[in-house]
Every structure is written in structure tokens, then in C-alpha cells.
Amino acid sequence: MNIFDVYPLLDLEPVKAEGNYIFCSNGKKYLDFYGGHAVISIGHSNPHYISKISEQLNNIGFYSNSVQNPLQAELAQKLGALSGYEDYQLFLCNSGAEAIENALKMASFHTGKSKVIAFNKAFHGRTTSALSVTDNDKYTAPINESNNAIFLEINDLEAFKQEISKGDTCAVLLEGIQGIGGIRLFEDSFLQEVESLCEKHNVVFICDEIQSGYGRTGAFFAHQHAGITPDIITVAKGMGNGFPVAGTILSPNFEAVHGQLGSTFGGNQLACAAATAVLEIIEEEQLIDNAAIHGNALFKKLNTLPRIMEVRGKGLMIGLEFPFPIKELRQQLINQEQVVTGVASNPNVLRLLPPLTITKAEIDHLFTALQNVLTQHVYQ
Ligand SMILES: *Cc1c(COP(=O)(O)O)cnc(C)c1O
């Protein structure tokens, strides 16, 4: 059997990883400014993470959700304490797309409606409903197109007011910071208006923090920079540091009804151990502060790069827009400087999503690497 060839691959085969580096089969070591797609939050091969997962696996790795599993409550409590959402409720699943599916489903149960206001260039996952609220023709098949989703330009308050006042909206769905779309930010004032208009019109406000959450932007959730509280929050990427675990976080206004949501693998003992270890390390190593401090320092420097058009983002979620496609630049960062970075759906945007454990020396390394390739090569 062959692998179904859906990804353009880099010529890299990681065989080991430690801290903020990956080690490849070519014998070289690469600085990880991509985090395996914003997934590696606490760095690679953290000893506490490894031992917590190993111990759990030695005891019990999996049993179905039909039995008691106090590890789930322990995880929910820790997540509530660190995020400031103590009174919210956690539903555990396995991937970001599932967290979105469950969020949309709960919003629809709650309101009895189905229209969703989403935003241009949004990405919410690859299942059928998640794609129906994703704005990218490359990912979407005819079966994913729904009449339920309306896409608006980000920060267009007039269009938003007009749409939501029609009274037929079930949910507003937006990313804390748009990730794959090219690191695009919602204005604080726009988010505050969304929050109050959702409340006024009885619309469920869903914030997708799958990429922007878990401390990456220097707050536990990116939306917290705007001082707002959505009704539902989705989490995934940084939550398990690579172990597949995700969550739909619901306000106390949502009442659980047996049968409405469920998952075979979701919230299993091993997933809970991994996710709890991640939170313990985020807290212990003060990684949210680290993201803020190093992210802000890096942000200022990046604006001085040659040929840079715009630097966007918060904390360690940064997009660099150039006046040329970054494909070659990214390849040269790998070949010449041994630094791995990420792409976006906008071909001119390079995405920086390092582990939150990144150090000042590694930030400097990245900056020098960028300076080197930008001064030594001609890009057009
Ligand atoms: C990656 C991502 C998803 C989808 O997560 P999967 O685990 O790949 O299903 C959804 N929303 C955002 C913002 C993402 O970045």
C-alpha cells in the first residue's frame, strides 16, 4: 500500500527532538520555529511530560467513557485555574476539527438555529461542518458547502451589525488570531462589539483558540487581550504537545444532555495525563510570560529586517509578510541556517510558531538567520 500523497513535503526526516530542536536523519540539528504546526508548546521531550505519560501507560492507558475517570476532572480543574475559566465546562475530544464540530452542534442545540457568521480566510478544520465555516476553496468539496455559513471581512463592524441584526444567527465563530489565513488580527474594539451584539441577539459566541490558545500569544487565550469572554472556546494544538487531545469549553449556560456529545477516544487516561503534564509545565516554567517577553522582543527586531512589509501577531504567534512568495526563503532558512519555519495560505507570509520554551539566544539565532538569507539572496 502507498501513502495517499496529500502534503508537499520538506526534505527533512526528524528522528529525535529535544528542547527547541529537531535532529534529522541527515545528521543535522534544526532550530524549531514551527513547532510541528503550533503543536509543540512545552518543547520537545520534556522529562516531566515523558514520565507522566509513561507512568500512566504503565497503570492504564485507555478505557471507555462509560466508567469513572477522575483524571478528566483533574485536567478540567487545572485548565480552568490557568485560563481563568473556572466555571466553564470541558468536553474532551481528539482533534481541533472535532472540537469545532461539537462547538457548532452545542450552539445549534442551544439556539435552535443554524446560521453561522464566520470570517474571510478563516480555518476551522477539515471535517464536513468545520469546512463549511472555513474560507479556502482548496480544502472544500461540494459536500462541505452549506447554506448555513456567511463569511464577513474581519473588523468590518457595519457588515457584522447588519448580518447579526437579521435575527436568524446561531453562532459567530472566529479565531482568537487567524492562523493559517496569514496571522490576521481582530481589533479589540471589534471583538468587544461582537461580544455585546451576540449577547443582545442571543447568539452563541465561539472563539477558536486551537492555534492561538494555550499561552502562545502571551495570554492563556488570545481573546483575553481584548478583555472578552466568549460562550464557547475550542482548544487543541498546544494542549497535548503532540499527543492527540482537544477540547470544547462551554460556559455554565450550556446544560449537558446525555447522548448529545460523545467520543470513543476523547478524554482517555493517557490523553488526560499528557494534557495535565503540559499545563503543569506551562505553569511551572512560566511559559505564558516567556511567550510574552520573547515574543515582544522579537517583534520589535523583525520590523528592522530588509524587505519586510508587515510584522503581525502577538507573543510567539508571528506572521512576516514580504513582497514576494516566501517558499524559497523558507527553504534557504532550512538549508543554510538550519531553522524551520511555517507557511500560511497567503504565499507571501512566513509563520513563526516556536515552542513557548524558546530562549533569548534562540530568538537571536532566528533573527540573524533571517538577516543572512535576506541579504545574501535576491527574492522576487
Ligand atoms: C489546526 C486548526 C484547526 C483544526 O485542527 P485539527 O486538529 O487539524 O483538526 C482548527 N482551527 C484552527 C484555528 C487551527 O489552526
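Both counts, for ligands and for their atoms, begin at 1 and track the order of listing.
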Is it the case that more than 12 heavy atoms not belonging to Y63 sit under 6.0 Å from its OH atom? no
Is the distance from the ring center of H44 to that of Y21 below 6.0 Å? no
Hey, mind stepping through D188 and H225 against side chain to side chain donor-acceptor pair (under 3.5 Å) and telling me if it holds? CA-CA 8 Å; D188 287 357; H225 293 288; over 6 Å; no
If you measure from CD on Q332 to CD on E328, what distance do you get to the nearest 0.5 Å? 5.5 Å
Does atom CD of E284 have more than 12 heavy-atom neighbours from other groups under 6.0 Å away? no
Could you please provide the protein residues found below 4.0 Å of ligand 1 on a heavy-atom basis, arranged by chain and number? S95, G96, A97, F123, H124, G125, E175, D208, I210, Q211, K237
Distance, nearest 0.5 Å, that separates CG of L353 from OG of S212: 10.5 Å
